[in-house]
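Since the structure comes first, as structure tokens, the remarks are kept for the end.
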Amino acid sequence: MKLKATLARATAGIALLLIIGATSYADEELDWNSLDASQQEVLAKFKDEWDSLPPARQERLARGADHWAGMTDEERKEARARFSDWSQLSAERRELIRERYDIYRSLPADEQKRIRENYRRYKHLNDERRRLVRERYRNMTPEQRQRARDRMRDRPRPTPRD
């Protein structure tokens, strides 16, 4: 159970990092000296190899350094924990998560919203109910799973309460 929680946190962390790191790709290199002092401090371990990094990576790192500088100590602590969880995953598991994230990002905004809402509802279930939902899903055939996903997508949504 702890592994699943760790994987869920890692997946959420990765999604967050990918969203934060998503940038338009730069066509030109960023000179190390063009970074401000706080960016250079955060990115100090990249100083010696900075000129050899692709421009797009330089841009993502610079934006990530800006984001890091704006985080509270608690947010930084949580980010470090997510990164630690991520780095402990196998290369195959990280690749699978990246592929699933790419698929998610390619979905229309309304579909992404539906997935987030379903995940939020799932996370609010008690442990026993979550276990039953997982067990029922595992016991389905691929065809039954697809029908269940289709029903979930097509079902009428309740109106929000004020």
Side-chain angles (χ1 to χ4, degrees), residues 1-27 38-39 42-43 54-162:
M1 194 65 154
K2 183 176 179 176
L3 177 61
K4 288 182 182 182
T6 299
L7 289 176
R9 279 195 358 241
T11 302
I14 292 162
L16 176 63
L17 289 173
L18 289 173
I19 289 167
I20 291 167
T23 64
S24 59
Y25 291 104
D27 292 331
S38 66
Q39 288 174 315
V42 171
L43 299 173
R57 176 107 192 267
Q58 291 175 343
E59 179 70 21
R60 284 194 308 274
L61 287 168
R63 287 186 186 243
D66 286 340
H67 183 73
W68 184 262
M71 289 178 152
T72 65
D73 289 340
E74 183 61 29
E75 289 170 331
R76 289 179 182 179
K77 181 180 174 183
E78 291 170 3
R80 283 186 191 103
R82 287 189 304 271
F83 182 75
S84 175
D85 291 344
W86 172 255
S87 63
Q88 291 177 17
L89 297 174
S90 70
E92 295 82 16
R93 182 70 179 150
R94 287 193 302 261
E95 184 59 29
L96 178 63
I97 291 169
R98 285 184 188 108
E99 288 172 10
R100 288 182 177 172
Y101 181 74
D102 288 343
I103 291 168
Y104 170 80
R105 294 293 292 170
S106 71
L107 296 172
D110 61 327
E111 185 73 6
Q112 290 181 21
K113 181 180 178 186
R114 185 188 63 78
I115 290 169
R116 286 190 309 271
E117 288 171 355
N118 285 342
Y119 180 73
R120 182 188 47 77
R121 279 195 299 274
Y122 174 79
K123 292 305 287 181
H124 283 92
L125 295 175
N126 65 43
D127 290 343
E128 178 61 16
R129 183 73 176 123
R130 275 199 301 251
R131 185 189 65 75
L132 291 171
V133 168
R134 283 192 308 271
E135 185 177 312
R136 185 174 53 195
Y137 189 79
R138 282 188 201 118
N139 291 330
M140 291 179 173
T141 66
E143 295 79 18
Q144 289 171 322
R145 289 178 183 179
Q146 185 59 52
R147 282 196 304 273
R149 287 190 295 266
D150 291 344
R151 279 193 313 273
M152 288 295 291
R153 184 187 61 239
D154 298 336
R155 72 175 157 68
R157 300 282 184 251
T159 55
R161 295 181 187 177
D162 291 329

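Using a 4.0 Å cut-off between charged side-chain N and carboxylate O, Asp110 and Lys113 make no salt bridge.
Under the rule for a side-chain hydrogen bond (donor to acceptor under 3.5 Å, both in side chains), the partners of Thr141 that lie at least two apart in sequence or sit in another chain are Glu143, Gln144. Annotation: side chain to side chain contact (heavy atoms under 4.5 Å, CB included) contacts of Ser106 (sequence neighbours excluded): none. Residues satisfying the side chain to side chain contact (heavy atoms under 4.5 Å, CB included) criterion with Tyr137, sequence neighbours excluded, are Met140, Arg145, Arg149. For Glu111, the salt bridge (Lys or Arg N to Asp or Glu O under 4.0 Å) partners at least two apart in sequence or on another chain are Arg114. Residues forming a salt bridge (Lys or Arg N to Asp or Glu O under 4.0 Å) with Glu95 (at least two apart in sequence, or on another chain): Arg98. The salt bridge (Lys or Arg N to Asp or Glu O under 4.0 Å) check on Glu128 picks up Arg131, with sequence neighbours excluded.
Between atom CG of residue Leu107 and atom CG of residue Asp102 there is a gap of 11.0 Å, rounded to the nearest 0.5 Å.
Within 6.0 Å of atom CG in Asp73, 12 or fewer heavy atoms from other residues, nucleotides or ligands are found, so the atom counts as exposed in its surroundings.
Of the possible donor and acceptor atoms, one in the side chain of Ser87 sits under 3.5 Å from a partner among the backbone N and O of Phe83. With Gln39 contributing its side chain and Ala62 its backbone, the two residues share a donor-acceptor pair below 3.5 Å.
Considering all non-hydrogen atoms of both residues, Tyr104 and Arg116 come closest at OH-NH1, 2.8 Å. Among all heavy-atom pairs drawn from Ala79 and Met71, the shortest one is CB-CE, 4.2 Å. Across His124 and Arg130, no two heavy atoms sit closer than the pair N-NH1, 4.5 Å. Across every non-hydrogen atom of Leu89 and Arg94, the tightest pair is O-NH1, 2.6 Å.
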Test log, rule side-chain contact (heavy atoms from CB on, under 4.5 Å), inputs Arg121 and Leu125: CA-CA 7 Å; Arg121 279 195 299 274; Leu125 295 175; over 6 Å; no
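None of Glu59, Arg57, Arg63, Gln58 except one satisfies the side-chain contact (heavy atoms from CB on, under 4.5 Å) rule with Leu61; the exception is Arg57.
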